[in-house]
Chemist: 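Below: one structure in structure tokens.
Quick caveat: nothing in here was measured; it's all calculated off a predicted structure.
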There are 2 protein chains.
Amino acid sequence: MFEGSSLAKKYKLDQCECPTGKMTRFAEPCLLFFLSQQPSYGYELMDKLDQFDFQRAKPDPAMVYRTLRSLEKEKCVISQWDTKGAGPAKRNYELTPKGLALLHAWAQGIRSRKQALEKFLNLYKKQFKVKK
Amino acid sequence: MFEGSSLAKKYKLDQCECPTGKMTRFAEPCLLFFLSQQPSYGYELMDKLDQFDFQRAKPDPAMVYRTLRSLEKEKCVISQWDTKGAGPAKRNYELTPKGLALLHAWAQGIRSRKQALEKFLNLYKKQFKVKK
DNA sequence: ATCATCTATATGTATTTTACACATAGATGA
DNA sequence: TCATCTATGTGTAAAATACATATAGATGAT
């Protein structure tokens, strides 16, 4: 068993600096950021997400809409139907102060994540001497 | 329905540059890298992993051991028991040529991931003008 | 006017990944 | 011989992702 052993102390989770503990959810901070620029809605945000999306060709609509809903549940954004303008009604989202705070927290987490990747790439480069 | 619509073309997955399509499994490239330096075993690799681990205080043993086994299943590493030396037997892992190729593929993916994070941080900085 | 297409939101669900608890056991030292 | 350290694993729930599919209003062409 691990209890009381040094491994227990050594390999136990402690509090994570990132709000949720999951740095992999890159869509969330991006959506928060876009909404910090101006109110918007899912379909439009999908296109904006495109510029950050490095693992998929196009962002997944399911992820976008579900993330927005979950952010709203957490009171990080608020939405209302927008029937003005052309096309079908849009659910228009706005960032709340809580959402802005979450964005700032994400920025911190992303900074440290970037540093980790840089560290990896530096070691990698050092070992495999890429010559241009 | 999506079939035939522009959305179908627009938001469909296409082939991902990263081997598995999942850039989030940072433990895997790290383990591959360490093994490219020298053969090693799970317990030791956990400690090495520490320097990259940005989301948790300490790496999860389960993840390390399972990743190593899965890499072995894919013939990216090979292992054998090492009973020499002090303490309990270790399962010693070595990188295969296939594993080395996988490491190089990961490096590419990590580069592009880093760029995405940088892009995010640049936009963020621009908008929230952090003064030092 | 109706049909295809585009815009827009949303749900269902399987798979993958992560988190964390727990099990086992050899070696070492008090 | 008992606690502790090293070492390798399994079990399982929760979270996240991938992808398919459903619905429906608006728009433009024929």
Side-chain angles (χ1 to χ4, degrees), chain A residues 1-16 18-28 40-47 49 53-70 72 79-93, chain B residues 1-16 18-28 40-47 49 53-70 72 79-93:
Chain A
M1 303 116 196
F2 274 11
E3 301 93 314
S5 76
S6 75
L7 224 195
K9 280 161 250 147
K10 218 170 156 192
Y11 290 109
K12 211 84 181 199
L13 229 203
D14 61 9
Q15 280 314 304
C16 174
C18 153
T20 61
K22 316 283 161 41
M23 276 299 301
T24 59
R25 290 153 44 217
F26 195 54
E28 184 174 300
S40 185
Y41 56 97
Y43 199 80
E44 188 177 65
L45 289 164
M46 266 195 290
D47 274 348
L49 213 44
D53 211 16
F54 40 86
Q55 15 179 353
R56 296 173 53 100
K58 293 286 166 186
D60 183 359
M63 184 152 83
V64 171
Y65 289 113
R66 282 198 178 112
T67 301
L68 287 170
R69 287 311 195 90
S70 120
E72 183 160 39
S79 76
Q80 49 193 48
W81 283 105
D82 174 12
T83 48
K84 296 167 300 261
K90 320 172 202 322
R91 184 179 286 277
N92 211 47
Y93 286 91
Chain B
M1 302 114 196
F2 274 12
E3 301 94 313
S5 76
S6 75
L7 225 196
K9 280 161 251 148
K10 219 172 157 191
Y11 289 110
K12 212 84 182 200
L13 231 203
D14 61 9
Q15 280 314 304
C16 173
C18 153
T20 62
K22 316 283 160 44
M23 275 300 300
T24 59
R25 290 154 46 219
F26 194 54
E28 184 175 300
S40 184
Y41 56 97
Y43 198 80
E44 188 176 66
L45 289 164
M46 266 194 290
D47 275 348
L49 212 44
D53 211 17
F54 40 87
Q55 15 177 352
R56 297 173 53 103
K58 293 285 165 184
D60 184 359
M63 184 152 82
V64 171
Y65 289 114
R66 282 198 178 112
T67 301
L68 287 170
R69 287 312 195 90
S70 119
E72 182 160 41
S79 76
Q80 49 193 48
W81 283 105
D82 173 11
T83 47
K84 297 167 301 260
K90 321 170 201 323
R91 185 180 286 278
N92 212 46
Y93 286 91

Chemist: Taking atom P of C:dT9 as reference, at what distance in whole Å does atom CG of A:Leu68 sit?
Modeler: 9 Å
Chemist: Measuring from the side chain of A:Tyr43 (C-beta onward, heavy atoms only), which nucleotide among C:dT7, D:dT8, D:dT10 has the closest atom?
Modeler: C:dT7
Chemist: Quickly work out the B:Lys84 NZ to D:dT6 C1' distance and round it to whole Å.
Modeler: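 Roughly 18 Å, once rounded to whole Å.
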Chemist: CH2 of B:Trp81 versus P of D:dT8: gap in Å, rounded?
Modeler: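 Between P of D:dT8 and CH2 of B:Trp81: 7 Å.
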Chemist: In whole angstrom, give the distance that lies between atom CG of B:Asp60 and atom P of C:dT18.
Modeler: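 From B:Asp60 CG to C:dT18 P: 10 Å.
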Chemist: Do any side-chain nitrogens or oxygens of B:Arg91 fall under 4.0 Å of OP1 or OP2 in D:dG9?
Modeler: yes
Chemist: Specify the closest pair of heavy atoms between A:Met46 and A:Val64, including all atoms of both residues, with the distance to one decimal.
Modeler: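 Shortest heavy-atom contact: CG-CG2, 3.4 Å.
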Chemist: Anything under 3.5 Å between a donor and an acceptor, one on a side chain of residues 84-93 of chain B, the other on a protein residue two or more places apart or in another chain? List them.
Modeler:
| from | atom 1 | to | atom 2 | distance (Å) |
| --- | --- | --- | --- | --- |
| B:Lys90 | NZ | B:Ala86 | O | 3.3 |
| B:Arg91 | NH1 | B:Ser79 | OG | 3.1 |

Chemist: To the nearest 0.5 Å, what is the distance between OH on A:Tyr41 and CD on A:Gln80?
Modeler: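 Between atom OH of A:Tyr41 and atom CD of A:Gln80 there are 15.0 Å.
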Chemist: B:Tyr41 side chain N/O closer than 4.0 Å to the phosphate oxygens (OP1, OP2) of D:dT8?
Modeler: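 Answer no for this pair, as no side-chain N or O of B:Tyr41 is under 4.0 Å from OP1 or OP2.
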Chemist: May I have the distance from B:Lys90 (atom NZ) to D:dC5 (atom P), rounded to whole angstrom?
Modeler: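 Atom-to-atom, B:Lys90 to D:dC5, this comes out as 16 Å.
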Chemist: Just how far, in rounded Å, is C1' of D:dC5 from CD of B:Glu44?
Modeler: 16 Å
Chemist: With respect to the side chain of A:Met63, which nucleotide from D:dA20, D:dT8, D:dT17 is positioned closest?
Modeler: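 Nearest to the side chain of A:Met63 among the choices is D:dT17.
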Chemist: Measuring from B:Leu49:CG to B:Glu44:CD, what's the distance to the nearest 0.5 Å?
Modeler: 12.0 Å
Chemist: Taking atom P of C:dT18 as reference, at what distance in whole Å does atom CZ of B:Phe26 sit?
Modeler: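 Roughly 12 Å, once rounded to whole Å.
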Chemist: Nearest nucleotide by nearest heavy atom, which residue falls closer to the 5' end of DNA chain C, A:Arg66 or A:Gly42?
Modeler: A:Gly42
Chemist: What's the closest nucleotide to the side chain of A:Tyr65 if the choices are C:dT9, D:dT8, D:dT10?
Modeler: C:dT9
Chemist: Output the pairing pattern of DNA chain C as a dot-bracket string, 5' first, Watson-Crick or G-U wobble with both distances under 3.5 Å, | for cross-strand pairs, [ ] for crossing pairs.
Modeler: ||||||||||||||||||||||||||||||
Chemist: What's the shortest heavy-atom distance between B:Ser40 and B:Leu45, and which atoms?
Modeler: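 Minimum heavy-atom separation between B:Ser40 and B:Leu45: OG-CG, 3.7 Å.
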Chemist: On a heavy-atom basis, which atom in B:Met63 and which in B:Ala27 lie closest, and how many Å separate them?
Modeler: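 Heavy-atom minimum between the residues: CE-CB, 3.7 Å.
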Chemist: Could you pull out the protein-nucleic contacts involving nucleotides 26-29 of chain D (nitrogen or oxygen on both sides, under 3.5 Å)?
Modeler:
| from | atom 1 | to | atom 2 | distance (Å) |
| --- | --- | --- | --- | --- |
| D:dA26 | O3' | A:Gly87 | N | 3.3 |

Chemist: Calculate the interatomic distance between A:Met46 atom CE and C:dA8 atom P; express it in whole Å.
Modeler: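 After rounding, the gap between these two atoms is 9 Å.
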